[in-house]
Amino acid sequence: MPPHPSSSLQKARERLAGHLREIRKDAGTTGRELAARCGWSESKSSRIENARTPPSDADIRAR
């Protein structure tokens with residue numbers, strides 16, 4: 001099992017996830033629509049928005 005990220009790293013992930021969720025909602029897009037547009041699975045979209053997995057640089061640039 002991988003080690004748990006430090007609390008400061010986890011907090012940064014959570015802030016980023018919250019910002020990404022706000023941007024998506026402000027755009028009027030659902031998690032399902034975001035996943036489809038980015039070529040992600042719905043579970044990946046959810047994991048990123050809930051700070052369970054960090055987005056890659058490519059994920060952040062995805063439209």
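These figures come from a predicted structure and were not determined experimentally.
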Query raised in the report: Got a sec, which residues hit side-chain contact (heavy atoms from CB on, under 4.5 Å) with Arg52, two or more places apart in sequence or on another chain?
Result: Ser46, Arg47, Asn50
Requested in this report: Please round to the nearest 0.5 Å and tell me the distance separating atom NZ of Lys25 and atom CD of Glu22.
Outcome: 8.5 Å
Query raised in the report: What distance separates Lys44 NZ from Glu49 CD, expressed to the nearest 0.5 Å?
Result: 13.0 Å
Query - Flag, side chain of Arg24 to backbone of Thr29, donor-acceptor distance under 3.5 Å - result: yes
Requested in this report: Determine yes or no for a side-chain-to-main-chain donor-acceptor pair under 3.5 angstrom, with Asp59 supplying the side chain and Ser56 the backbone.
Outcome: yes
Using every non-hydrogen atom in the two residues, find where [X] and [Y] come nearest and quote the distance to one decimal.
X     : Y     : value
Gly31 : Ser45 : O-OG, 3.5 Å
Glu33 : Gly28 : OE1-O, 3.9 Å
Leu20 : Pro55 : CD1-CG, 4.2 Å

**Report entry** Leu34 side chain reached by Glu42 side chain, heavy atoms, under 4.5 Å
**Finding:** no
